[in-house]
Amino acid sequence: MPELPEVETLARGLRQSVLGRRILSVTLGKTDFIDDPAALEQHLPGRQITAVERYGKFMLLRLKPPAGAGTNGSVPSGETNGDGASASLLVHLGMTGHLSPHPAAQPCEKHTHACFLLDDGRELRYNDARRFGRMAYLAGEALEEELRGFGADPLEVSAQQFVARIRARRARVKALLLDQGVLRGVGNIYADESLWRAKIHPARLGAHLTRKQAEALHHALRAILEKAIVMRGSSISDFLDAEGEPGEYQRRHRAYGREGKRCYRCGAPIRRAIVAGRSSYFCPRCQPAPRGSALTLPLSKRRSKQRKMRPA
DNA sequence: CTTACGGCCTGGGTGC
DNA sequence: TGCACCCAGGCCGTAA
């Protein structure tokens with residue numbers, strides 16, 4: 001599942017391979033994950049990819065309109081509104097999204113739902129089996145409005161800002177880390193990894209963390225994200241970078257996905273529990289549960305769930 | 001207002 | 001070989 005390090009890895013790859021290319025045409029398959037499919041087909045052809053950025057877990061392809069096609073002749077790098085230079089293709093990879101260039105002659109793999117023919121004979125393809133991803137063409141004000149409401153980038157936020165944000169909230173710290181309005185880009189893997197490193201239980205309330213603990217969490221999160229980027233992200237099941245290569249950081253995981261295996265620090269078996277509605281992996285010894293928490297129970301919470309028909 | 005929780009979308013993997 | 005079930009991230013509606 002692509003989180004900040006995976007999307008950053010992808011952005012760096014695409015910067016190498018598709019930056020400066022012009023989009024000649026658009027072919028769409030299933031479109032239920034695209035905000036306004038017609039807008040893509042109408043506005044993308046002719047545009048040049050002038051920047052590849054990461055915004056939280058989003059890929060942002062900045063698109064310059066075709067020369068002379070706009071109402072105003074040139075004016076480069078302007079903040080021209082409407083159909084102008086600030087237009088972007090926003091892509092969220094969801095869980096199973098892939099975005100990478102292929103030779104246009106190569107047959108499309110199953111679940112390829114968007115193809116952007118480039119001016120060098122290749123095709124930038126979006127493939128997403130589950131279509132939990134999202135794609136949108138956004139320009140000007142609409143783009144700004146979309147990006148507003150996201151929290152700070154975890155690699156840029158200062159310790160002071162981070163500590164203040166976390167300690168101001170009574171939600172569980174795991175939920176806060178996952179909340180894209182608090183921090184943009186953190187998902188389940190890096191939330192659990194940073195909590196393990198900082199020795200903080202995921203069910204602790206943000207407001208109950210000491211200043212030192214919140215600072216430790218900030219430091220751990222940053223260090224882990226930076227290391228994960230160097231190792232080109234985590235490939236649990238199917239993350240692949242722009243060249244189709246898996247990352248390496250999954251080898252470094254200390255908590256995520258390690259239920260029942262020994263904690264690298266103390267040897268206690270890593271436990272899994274549902275916190276903030278998500279599977280959460282933690283060391284019950286290194287990461288003491290908050291007082292009164294029932295969340296340290298058995299490994300799996302097998303609850304009989306007969307959910308066949310519901311009475312009208 | 002803030003927080004918690006269940007359901008929904010989809011299909012690959014798993015276990016029987 | 002088939003098939004029911006689980007699970008994932010984000011989002012939304014509802015309840016406390």
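The basis for the numbers below is simple: all heavy atoms, side chains too, and nothing from hydrogens, waters or symmetry mates. Letters A, B, ... mirror the listed sequences (proteins, then strands); counts begin at 1.
- Applying the 4.5 Å side-chain rule to ILVMFWY residues, one finds that Leu205(A) remains a lone member of its cluster.
- Annotation: salt bridge (Lys or Arg N to Asp or Glu O under 4.0 Å) contacts of Arg22(A) (sequence neighbours excluded): none.
- Between Ala129(A) and Ala168(A), the one whose closest nucleotide on DNA chain B sits nearer the 5' end is Ala168(A).
- Residue whose closest nucleotide on DNA chain B sits further toward the 5' end, between His111(A) and Leu205(A): Leu205(A).
- Evaluation of the salt bridge (Lys or Arg N to Asp or Glu O under 4.0 Å) rule for Glu3(A) yields no partner, not counting sequence neighbours.
- Heavy-atom neighbours of His102(A) NE2 from other residues, nucleotides or ligands within 6.0 Å: above the threshold of 12.
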Grab the N/O contacts between the protein and nucleotides 9-15 of chain C below 3.5 Å, and write none if there aren't any.
unit_1  : atom_1 : unit_2    : atom_2 : d
dG9(C)  : OP2    : Arg278(A) : NE     : 3.3
dG9(C)  : N7     : Arg278(A) : NH2    : 3.1
dG10(C) : OP1    : Lys57(A)  : NZ     : 2.5
dG10(C) : OP2    : Lys57(A)  : NZ     : 2.9
dG10(C) : N7     : Arg278(A) : NH2    : 2.7

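- With sequence neighbours left out, Asp128(A) forms a salt bridge (Lys or Arg N to Asp or Glu O under 4.0 Å) with no residue at all.
- Residue pairs meeting the side chain to side chain donor-acceptor pair (under 3.5 Å) criterion with at least one partner in residues 9-20 of chain A, sequence neighbours excluded, are Glu8(A)-Arg12(A).
- For Tyr249(A), the ring-ring contact (aromatic ring centres under 6.0 Å, His included) partners are Tyr190(A), His253(A), not counting sequence neighbours.
- In terms of phosphate contacts, Arg172(A) brings no side-chain nitrogen or oxygen within less than 4.0 Å of OP1 or OP2 of dT2(B).
- Straight-line distance from the CG atom of Asp179(A) to the C1' atom of dT3(B): 11 Å, rounded to whole Å.
- Recorded end-axis angle for the helix from dT2(B)-dA16(C) to dC16(B)-dG2(C) stands at 40°, based on five pairs per end and rounded to 10 degrees.
- For Arg122(A), the salt bridge (Lys or Arg N to Asp or Glu O under 4.0 Å) test picks out Asp120(A), with sequence neighbours left out.
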